[in-house]
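A short worksheet on the structure shown next.
Note that the structure is a prediction, hence the values are computed from the model and not measured.
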Amino acid sequence: MKTYPLQLRFLLPGLAISLLALGQSRPLFAGQTFAGWEGDTNRTWRIVDGAFVGGSLERTIPRNEFLATHQSFTNFVLKLKFKLVGTEGFVNAGVQIRSVRTEDPPNEMRGYQADIGEGWWGALYDESRRNTVLVKPDPADVQRALKPGDWNEYVIRCEDRRIRTWINGVPMIDYTEPDPAIPQQGHIGLQIHGGAKALVSYKDITLEQLPAP
């Protein structure tokens with residue numbers, strides 16, 4: 001049996017816990033409650049069969065709505081499954097990363113968005129800040145990866161100023177932020193875009209925190 005000096009025997013347990021927290025994925029959503037998240041859970045968001053579901057196929061969503069984490073994150077690997085269906089209007093959704101709530105209007109979020117929707121799949125958009133597409137994937141890669149109307153998996157990796165994404169294991173974008181004034185920390189948000197009869201679902205949401213590069 002391996003032994004350590006007395007001072008190390010006191011330090012090692014705490015060190016092990018710290019390394020475990022950095023090296024393992026943990027669920028951000030257990031599939032049953034909104035614990036750890038905030039948003040419009042009265043009309044827009046609900047939990048169905050272990051998934052967050054936002055929007056409606058019966059009525060047009062009047063504005064963008066986001067379900068956001070209470071906790072803020074910097075370097076991480078986020079994994080989740082999503083499904084988007086719609087019948088009318090701009091059928092779109094997205095995953096916010098390193099984002100914050102805006103004060104006016106209070107329903108919006110400001111920050112990077114890994115986009116979801118026809119013509120936008122896999123793109124990195126700067127929501128309510130620069131309001132522009134920062135980078136788009138190759139359409140051939142999107143076509144190869146996507147399962148329209150079905151469950152798909154997003155993997156989003158944020159390290160320092162670099163953001164990379166995959167859909168169903170196929171690389172989408174690799175973006176390094178050139179502007180040092182843009183914050184690289186914030187909340188995670190799940191969007192349903194306004195102006196459509198659309199339904200988005202998110203499930204199996206996990207996050208692994210990464211050490212600073």
message = Here's one to test your reading of the geometry: is the NZ or CZ of Arg161 within 45 degrees of the ring axis of Tyr175 and under 6.0 Å from its centre?
response = no
task = Looking only at non-hydrogen atoms, find the nearest pair between Leu210 and Cys158 and report the distance.
result = CD1-O, 4.0 Å
query = Between Asn152 and Leu146, is there a donor-acceptor pair closer than 3.5 Å when you use the side chain of the first and the backbone of the second?
reply = no
key: Spacing of Arg43 atom CZ and Thr41 atom OG1 [to the nearest 0.5 Å]   = 12.5 Å
query = When clusters are formed by joining ILVMFWY residues with side-chain heavy atoms under 4.5 Å apart, either directly or through shared neighbours, do Ile61 and Phe66 land in the same one?
reply = no
request  = Determine whether Leu78 and Trp166 fall in the same hydrophobic cluster, where Ile, Leu, Val, Met, Phe, Trp and Tyr are linked whenever their side-chain heavy atoms lie under 4.5 Å apart.
outcome  = no
query = If you look at every heavy atom in Val133 and Ala123, which pair is closest and at what distance?
reply = CG1-CB, 4.2 Å
key: Sidechain-backbone polar pair: Asp150 side chain, Lys147 backbone, donor-acceptor under 3.5 Å   = no
request  = Looking only at non-hydrogen atoms, find the nearest pair between Leu199 and Gly55 and report the distance.
outcome  = CD1-O, 3.4 Å
ask   = Does any non-hydrogen side-chain atom of Thr44 lie less than 4.5 Å from one of Ile192?
value = yes
inquiry  = If I take atom CG from residue Leu190 and atom CD from residue Gln113, how far apart are they, to the nearest 0.5 angstrom?
reply    = 10.5 Å
query = Would a distance-only check, ignoring hydrogens and angles, find a side-chain to backbone donor-acceptor pair under 3.5 Å from Trp121 to Gln143?
reply = no
request  = Describe, in one word, how the ring planes of Phe52 and Phe34 are oriented to each other, choosing from parallel (under 30°), tilted (30 to 60°) and perpendicular (over 60°).
outcome  = parallel
ask   = Does a sphere of radius 6.0 Å around CD in Gln185 hold more than 12 heavy atoms from other residues, nucleotides or ligands, not counting ones at 6.0 Å or beyond?
value = yes
Ser72 side chain to Gly186 backbone, donor-acceptor under 3.5 Å = yes
message = Tell me which one of Tyr154, Trp151, Tyr202 satisfies ring-ring contact (aromatic ring centres under 6.0 Å, His included) with Phe82.
response = Tyr154
message = Using the rule given for salt bridge (charged side-chain N to carboxylate O under 4.0 Å, His left out), can you reason through Arg101 versus Glu103, listing the C-alpha separation, both sets of side-chain angles and the distance that settles it, and then say yes or no?
response = CA-CA 7 Å; Arg101 283 283 185 190; Glu103 293 183 3; over 6 Å; no
Same cluster (ILVMFWY, side-chain, under 4.5 Å), Phe76 and Ile173 = yes
request  = Determine, using the 4.5 Å side-chain heavy-atom cutoff (strictly less than), whether Val170 and Ile156 are members of one ILVMFWY cluster.
outcome  = yes
query = Donor-acceptor pair, Thr69 side chain versus Gln71 backbone, under 3.5 Å?
reply = yes
message = Check Arg129 with Glu177, please: is the shortest side-chain N to carboxylate O separation under 4.0 Å?
response = no
inquiry  = Minimum heavy-atom separation for Lys203 and Ala51, please, with both atom names.
reply    = CB-CB, 3.8 Å
Single hit among Gln184, Gln96, Glu127, Arg98 for side-chain hydrogen bond (donor to acceptor under 3.5 Å, both in side chains) with Tyr112 = Gln184
inquiry  = If hydrophobic clusters are built from ILVMFWY residues whose side chains come within less than 4.5 Å, do Ile97 and Ile116 share one?
reply    = yes
key: Derivation and outcome, salt bridge (charged side-chain N to carboxylate O under 4.0 Å, His left out), residues Arg144 and Asp141   = CA-CA 5 Å; Arg144 179 161 57 99; Asp141 290 336; 3.1 Å; yes
ask   = When rounded to the nearest 0.5 angstrom, what is the spacing between CZ in Phe73 and CD1 in Ile188?
value = 5.0 Å
Derivation and outcome, side-chain contact (heavy atoms from CB on, under 4.5 Å), residues Met172 and Val142 = CA-CA 7 Å; Met172 292 289 111; Val142 174; 3.9 Å; yes
query = Which atom names give the shortest non-hydrogen contact between Gly195 and Thr60, and what distance separates them?
reply = C-CG2, 3.7 Å
query = Take atom CG in Asp49; do more than 12 heavy atoms of anything else shown fall under 6.0 Å from it?
reply = no
message = Please find the pair of heavy atoms, one from Val53 and one from Ser201, that lie closest to each other, and give the distance.
response = CG2-OG, 3.6 Å
inquiry  = Could you check whether any side-chain heavy atom of Lys136 comes within less than 4.5 Å of a side-chain heavy atom of Pro139, counting everything from C-beta outward?
reply    = no
query = Could you walk me through whether Val155 and Thr165 pass the side-chain contact (heavy atoms from CB on, under 4.5 Å) check?
reply = CA-CA 6 Å; Val155 176; Thr165 68; over 6 Å; no
ask   = Are there more than 12 heavy atoms of other residues, nucleotides or ligands under 6.0 Å from atom NZ of Lys81?
value = no
query = Should Lys79 and Glu208 count as an ion pair when the cut-off is N to O under 4.0 Å?
reply = no
request  = Answer with yes or no whether the side chains of Asp115 and Asn92 bring together a donor and an acceptor at under 3.5 Å.
outcome  = yes
Stepwise salt bridge (charged side-chain N to carboxylate O under 4.0 Å, His left out) check, Arg162 with Asp174 = CA-CA 7 Å; Arg162 188 182 185 189; Asp174 188 340; 2.7 Å; yes
task = Look up atom CD in Gln24 and atom OG1 in Thr206, then write down how far apart they are to the nearest 0.5 Å.
result = 11.5 Å
request  = Find the distance between CH2 (Trp37) and CZ (Phe29) and round it off to the nearest 0.5 Å.
outcome  = 8.5 Å
task = Go through the side-chain N and O atoms of Asn64 and Glu108 and say whether any donor and acceptor fall under 3.5 Å apart.
result = yes
query = Is a side-chain donor or acceptor of Thr33 paired with a backbone partner of Ala35 at a separation under 3.5 angstrom?
reply = yes
ask   = What's the spacing between Met109 CE and Ser99 OG if we round to 0.5 Å?
value = 5.0 Å
inquiry  = Looking at Arg130, is its backbone amide N or carbonyl O close enough to the side chain of Thr132 to form a donor-acceptor pair, meaning the two atoms are under 3.5 Å apart?
reply    = no
